[in-house]
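Note that the numbering runs from 1 along the sequence shown for the chain. Note that these values count all heavy atoms, side chains included, but never hydrogens, waters or copies made by symmetry.
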Amino acid sequence: MRRVHRHGRASWPRLLLSQFSSPIMLILIVATIISMLVGDPTDGSIIIAILLASGILGFTQEFRANNDVAALLARVEVKVPVIRGGREIDVPVAEVVPGDLVQLGAGASCRPTADSLSARTCSSTSRRSRGSRSRPRRMPRFRCHPTPR
């Protein structure tokens, strides 16, 4: 069975290290090293404290946000209307199989993959927008036709 590709969750060590990879953090790390080499441990200690506090705060916020997004995604199941066996039914996106005809329309919540078939094909022609008179835009107009089998 095909599964919809989801972004993998970052492990907590990688998430923690990513907090210290921004350009400003790297500049502060270099400033700490230079401060310690010059012989000013007070300034170096203060910069290390700021780096650690910033990294820990950023890590906890991002870790919680990742967990919240994962929990929300686990609760949401996107369904798509397909024609299967001559009947139109709603199936979860992960259960769309080869041979299903995907019904797409305005506001469709599913992005078709390259190997999916649509029950209708649309061709577009251009027409002018009636909105702005100073900058006319071309807007597509779609005509849909049944797909030959």
Side-chain angles (χ1 to χ4, degrees), residues 1-36 41-127 129-132 135 137-147 149:
M1 181 182 309
R2 289 183 342 174
R3 293 281 177 208
V4 176
H5 175 70
R6 297 209 187 269
H7 296 287
R9 291 177 56 180
S11 63
W12 70 266
R14 179 175 289 205
L15 199 58
L16 183 61
L17 289 177
S18 72
Q19 299 301 312
F20 299 101
S21 63
S22 69
I24 190 70
M25 291 296 241
L26 295 175
I27 289 170
L28 287 173
I29 291 170
V30 170
T32 302
I33 293 170
I34 292 173
S35 176
M36 294 292 195
T42 306
D43 287 344
S45 301
I46 292 171
I47 296 173
I48 287 175
I50 292 171
L51 282 171
L52 289 176
S54 175
I56 290 171
L57 286 174
F59 168 75
T60 55
Q61 287 179 339
E62 199 163 340
F63 187 75
R64 286 180 184 167
N66 282 345
N67 287 341
D68 291 343
V69 167
L72 287 173
L73 287 176
R75 296 180 74 187
V76 173
E77 182 178 56
V78 178
K79 292 190 176 188
V80 61
V82 298
I83 297 176
R84 182 184 288 173
R87 295 181 326 166
E88 183 177 336
I89 57 174
D90 289 337
V91 297
V93 173
E95 294 178 12
V96 174
V97 296
D100 287 343
L101 292 176
V102 178
Q103 295 273 337
L104 297 177
S109 62
C110 170
R111 290 187 202 149
T113 59
D115 61 346
S116 62
L117 295 174
S118 175
R120 296 181 177 184
T121 57
C122 297
S123 59
S124 66
T125 58
S126 293
R127 63 183 174 89
S129 170
R130 292 186 173 90
S132 171
R135 289 190 301 163
R137 276 182 32 209
R138 294 249 181 224
M139 306 231 351
R141 181 173 54 197
F142 294 98
R143 292 196 179 110
C144 296
H145 313 283
T147 303
R149 287 190 132 199

* Test Val30 against Ile34 for side-chain contact (heavy atoms from CB on, under 4.5 Å), laying out the working first. => CA-CA 6 Å; Val30 170; Ile34 292 173; 3.8 Å; yes
* **Any donor-acceptor pair under 3.5 Å from Asn67 side chain to Arg64 backbone** => no
* Under the side-chain contact (heavy atoms from CB on, under 4.5 Å) test, residues paired with Val91 that sit two or more places apart -> Val80, Val82, Arg84, Ile89, Val96
Donor-acceptor pairs are to be reported for all side-chain atoms of residues 45-60 against protein atoms at under 3.5 Å, with residues two or more places apart or in another chain.
from: Ser45; atom 1: OG; to: Pro41; atom 2: O; distance (Å): 2.7
from: Thr60; atom 1: OG1; to: Ile56; atom 2: O; distance (Å): 3.2
from: Thr60; atom 1: OG1; to: Leu57; atom 2: O; distance (Å): 2.9

* **Listed partners of Ile33 passing side-chain contact (heavy atoms from CB on, under 4.5 Å), at least two apart** => Ile29, Leu37
* Asked: About how many Å separate CZ of Phe20 and CG of Leu28, when rounded to the nearest 0.5 Å?
  -> 11.0 Å
* Which side chain to side chain donor-acceptor pair (under 3.5 Å) pairs, counting each pair once, include a residue from residues 19-31, with sequence neighbours left out? -> Gln19-Glu62
* Over all heavy atoms of both residues, which pair between Gly44 and Ser35 is shortest? Give the atoms and the distance, please. => N-OG, 3.2 Å
